[in-house]
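Below is one structure, written out as C-alpha cells, with a few remarks after it.
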Amino acid sequence: MTKDVGAAGSATALQSLMWPEFGICTERDLYLRAQGPVAVSPEQRELRFAAGGHVSFGSWFNLFNLEKWQRECGLQSLQLQLEGEGAFEVSVVLAPRGRSWDRVVSRYAEFPADGRLEISLDQILQPGVMPGVLFFELRALGAGRLTGASWQTLDAPRRAPQLALAVTTFKREAAVARTVERFCAFRESSWMKPHVQMIVTDNGQSVELAPQEGVTLVPNENLGGAGGFTRGLLEARARGATHCLFMDDDASIHMESLERTWMMLAYARDPRTAVAGAMISEQHRWAIWENGARFFTRCQPLHMGTDLRDVTRMLAMEHEAAQPVPEDFYGGWWYFAFPVAQAEHLAFPFFVRGDDVSFSLANDFNILTLNGVVSFQESFTEKESPQTWYLDLRSHMAHHLSLPQLEVGARGVLKIAAWFFLRNLPRMHYDTLAAINLAVEDVMKGPEFFDEHADMAGRRADIKALTSTEAWQDLHPRQALPPVREQPPAAWKRHLMKLSLNGLLIPGYARLGRKITLEAQHRSHIGYAWGAAEITCLNAERTKFYTVRHSKAAAWRELKRFAKNARAFLKDYDRLSAAYRSRYGQLTSEAYWQDKLGFAASQERQAAE
C-alpha cells in the first residue's frame, strides 16, 4: 500500500490479506485453506511452500467481493499484487451468483527480483462480464513463499476520510487500555496515520491513560451507550472528522478492518455510505451471529448461524450481502462507521439497547457490510437478564411509537410486548415478566420518561431489586444438578403443554413437571422449557447457575398486571404516538445532547487548559 493514497499513476490497495491472530480469531479456514507442503506462520505473516503446496484464499476474510465494490465504487481498474518469491501456478477465480465459476487467470508466474508480482484484472470489469466474488489460489512449483497480497486499483479515491474512532467505556479499564495499545501500534505503522484518531469516552471516569498521539480521553457522565457514543460523535465533529466509527471498548477486531472501512468510505460513489461490521460470538468463532440486521417489530439478525468454514454457505451469504440492503436495515454499534454530516438525528436517550437501531433508521445512510470486518463479542445469550429484556422491550415499543416508517398501530405495538411476555411465561422467568411489565408502564409515561431517566440509575436499582431468582450464583464443582436437556420434547408433547400454558392450568404442576438443566446456548429457547416445572440454567463456562421454578401465584400476578397495562396502552395509543413523534426530533438533536452532556462547558475547559 503506497503511503500517498490515490497518487496519480500509483496503485492503491483496496483490500489486503488478513491473518489469523491469537486473541481475536485463529480459525485458519476462515482466512486460507492449505494443502500439501505448506507452512503457515500467522505471527510472521508468511507462507512457505515446497513443491506441490497449494493454498486457496477463497475464505471469508480474504475473498474480494467484486460485485459490491463495483456497485458502490464503479471501479475502472483492478489488479492483484502478490509479494513473495519462487515459481507458482497462479489462479484467480470469479464466482458469480447462481452460475458456474470462471478461472479468469490461470498461469505460470515467477516472482521478479523486487518480490512483487502484479496481475491485471481489468478484463473482468468490462461490460457483459457477470460480477461476483473473487479469490486467488497458488500452487508451488518449487520452494517459495508468500508474504503479502492485495487487491488494488489505479482509480483515484473520491475523498480522503478523516476517521474518528469513538469508543465508549464504563469501568473496563484493562480492556480499553489494551484497545488503545493495539490501536496506537497499528496507527504508527499504517498509512492511515494522518487520517485516523481515537476518542475514548469514559462514562465511569475511572480510566487513566498515558498521553499518546492520536488518542483523546474524555471523561463523561454515565448516560449509557447512547450518551457515550453521542459524546464521541460531538467530539469527532469538533475535531474536524468527516467520518466517525462507533466501536466497542474491547475492540475485538482485526485492525486491518479499519483500512478496509476507510477504503470503502473513500471510494464510494454515494457520500451517504456507512459500514456496518458483522458480529461473531466468542463461543464459536466460525459462525456468524449477524452480518447486519433488520428491524420491524423485532430485531432480525441476518445470516445468523452461517458456518464460515463452509464455502458454499459462506459464498451464498456474500452474494446476498452484495445486494442493496432493505430500508429497515441497521448496523450494531460494536462497529459502525458513518459520515458525520449525514447524522441529522443523534441517539435517542435509551441509555443502552435500541440506540443503534433508531440511529440507523432515522438517518439517511447507505449502509453496507464488508467481508472480514467483524467484531468478536460475548454472546448476547450470556448477557440476557431481566434488565436486558426491560431495555429491549421499551426500545422496541418506542421505535414504533416514534418513527412513522414503523407504524403498525396500537395492536401491532402491543403484540410486540405480548411476544416478549409469552416468550418468558412458559420459561418461568417471573423476574423477567415483572421487568417486561415495568417496561410497558414506563413507555406509557411518554418520551419525557426517557429524558428524565437518561442515566437509568433509578431503574437499574429497581430491576436489581426485583431480580430474586434469575441472579447468577457460583456453581460448586460437585454440586448435583438435574439432568441436562439436550433436545426439545417431541412435537406432540410441546403442543399439549402449550394448551396448558406449560402447566399453569394444571393443578399441582409444580410436583408433576420435570426438573431439567439447560446449558447456555439453550436457556433462551422456549422449546426446551415445555414440560418442565424447574429449570436450572448454566453459563457457557458452567461456573454459574440460577434456578427458576413453577409458581402459579407469580405467573397470575404478572398476567393480571400485563392485562391491565394492555388495556391502558390501547386506550392511550393515539396520544402516546403523537407525543413520541413530536418529541423525537428534539430528543435526538445536537442542541439537546450538548446541553445534556454539558458539552459546551467541557469544550471551554479544554480550550482553557
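In what follows, every heavy atom counts, from backbone to side chain, and hydrogens, waters and symmetry copies are set aside.
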With side-chain contact (heavy atoms from CB on, under 4.5 Å) as the test, would you mind laying out the steps for Thr216 and Arg239 before giving the verdict?
-> CA-CA 11 Å; Thr216 303; Arg239 287 165 169 74; 3.1 Å; yes
Stepwise ring-ring contact (aromatic ring centres under 6.0 Å, His included) check, Phe57 with Phe64 = CA-CA 10 Å; Phe57 287 91; Phe64 184 75; over 10 Å; no
What do the steps show when you test Trp60 against Trp286 for ring-ring contact (aromatic ring centres under 6.0 Å, His included), and what is the final call?
-> CA-CA 10 Å; Trp60 188 65; Trp286 41 262; over 10 Å; no
Could you check Met192 against Arg187 for side-chain contact (heavy atoms from CB on, under 4.5 Å), going step by step and ending with a plain yes or no?
-> CA-CA 7 Å; Met192 282 186 68; Arg187 182 178 181 271; over 6 Å; no
Give the C-alpha distance, both sets of side-chain angles, the deciding distance and a yes or no for ring-ring contact (aromatic ring centres under 6.0 Å, His included) between Phe338 and His243.
-> CA-CA 5 Å; Phe338 58 92; His243 292 75; 8.4 Å; no
Audit row: Ser150, Gln15, side chain to side chain donor-acceptor pair (under 3.5 Å) steps and yes/no = CA-CA 6 Å; Ser150 57; Gln15 179 180 305; over 6 Å; no
Decide side chain to side chain donor-acceptor pair (under 3.5 Å) for Arg103 and Ser91; before the verdict, give the C-alpha distance in whole Å, the side-chain angles of both, and the deciding distance to 0.1 Å.
-> CA-CA 7 Å; Arg103 202 169 287 269; Ser91 300; 3.2 Å; yes
Evaluation steps, ring-ring contact (aromatic ring centres under 6.0 Å, His included), between Trp101 and Phe135 = CA-CA 11 Å; Trp101 297 1; Phe135 62 90; 5.7 Å; yes
side-chain contact (heavy atoms from CB on, under 4.5 Å) between Asp155 and Leu78, worked out | CA-CA 9 Å; Asp155 301 2; Leu78 183 68; over 6 Å; no
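A salt bridge does not link Glu320 with Arg97: none of the charged nitrogens is closer than 4.0 Å to a carboxylate oxygen. We find that Glu173 and Lys171 are not joined by a salt bridge, their nearest charged nitrogen and carboxylate oxygen being 4.0 Å or further apart.
Aromatic rings of Trp593 and Phe599 (six-membered ring for Trp) have centroids beyond the 6.0 Å cut-off, not under it. You'll find the ring centres of Phe359 and Tyr330 outside the 6.0 Å limit. Less than 6.0 angstrom separates the ring centroid of His399 from the ring centroid of Phe350. Ring-centre distance between Phe296 and Phe329: not below the 6.0 Å cut-off.
Side chains of Thr153 and Ser77: a donor-acceptor N/O pair is present below 3.5 angstrom, by distance only. Residues Ser375 and Gln377 have side chains that bring a donor and an acceptor to within less than 3.5 angstrom of each other.
In summary, of the residues considered (Tyr335, Phe186, Phe61), a ring-ring contact (aromatic ring centres under 6.0 Å, His included) with His254 occurs for Phe61 alone. When each of Asp248, Asp202, Asp250 is tested with Arg172 by the rule salt bridge (charged side-chain N to carboxylate O under 4.0 Å, His left out), just one qualifies, namely Asp250.
By the neighbour-count criterion of 12 heavy atoms within 6.0 Å, atom CD of Gln405 is densely surrounded, having more than that number from other residues, nucleotides or ligands. Enclosure of atom CZ in Phe22 is not indicated, since only 12 or fewer non-hydrogen atoms of other residues, nucleotides or ligands lie within 6.0 angstrom. The neighbour count for Glu89 CD, taken as heavy atoms of other residues, nucleotides or ligands under 6.0 Å away, is above 12.
Across all their heavy atoms, Asn65 and Leu63 have their closest contact at N-CD1, 3.9 Å.
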